[in-house]
Amino acid sequence: MFYELREGGGQTLFRRTLQAEAGDVVHETHQCSIVEARAIWAALLAGRAR
């Protein structure tokens with residue numbers, strides 16, 4: 001499993017990819033502001049996000 005922080009056009013979203021033998025499964029969040037997303041990303045990297 002891996003996560004991506006995707007930014008563009010003033011909006012941000014997160015993408016989670018689960019790698020499996022049958023193929024990758026990709027989930028994306030709703031778009032949010034860059035400020036909000038960066039705070040969530042920092043929490044994710046620090047192990048504080050769920």
Verify same cluster id: Y3, L45 (apolar side-chain graph, 4.5 Å): yes

Can you name the closest pair of heavy atoms from T17 and E4 and give their distance? OG1-OE2, 4.1 Å

Does the side chain of R15 reach to within under 4.5 Å of the side chain of F2, using non-hydrogen atoms? no

In terms of side-chain geometry, is the basic nitrogen of R38 or E7 positioned less than 4.0 Å from the acidic oxygen of its partner? yes

So which heavy atom on A37 is nearest to which on T12, and how close? CB-CG2, 3.2 Å

Grab the two heavy atoms, one from L5 and one from F14, that are nearest each other, plus how far apart they are. CD1-CE2, 3.5 Å

Pair Q11, I34 - check side chain to side chain contact (heavy atoms under 4.5 Å, CB included), show working. CA-CA 6 Å; Q11 293 292 306; I34 291 172; over 6 Å; no

For the hydrophobic clusters of this structure (ILVMFWY residues joined by side-chain heavy atoms under 4.5 Å, transitively), does one cluster hold both M1 and W41? yes

Could you grab the distance from atom CZ of R16 to atom NE2 of H27, nearest 0.5 Å is fine? 5.5 Å

How far apart are the closest heavy atoms of L13 and H30, and which atoms are they? CB-O, 4.1 Å

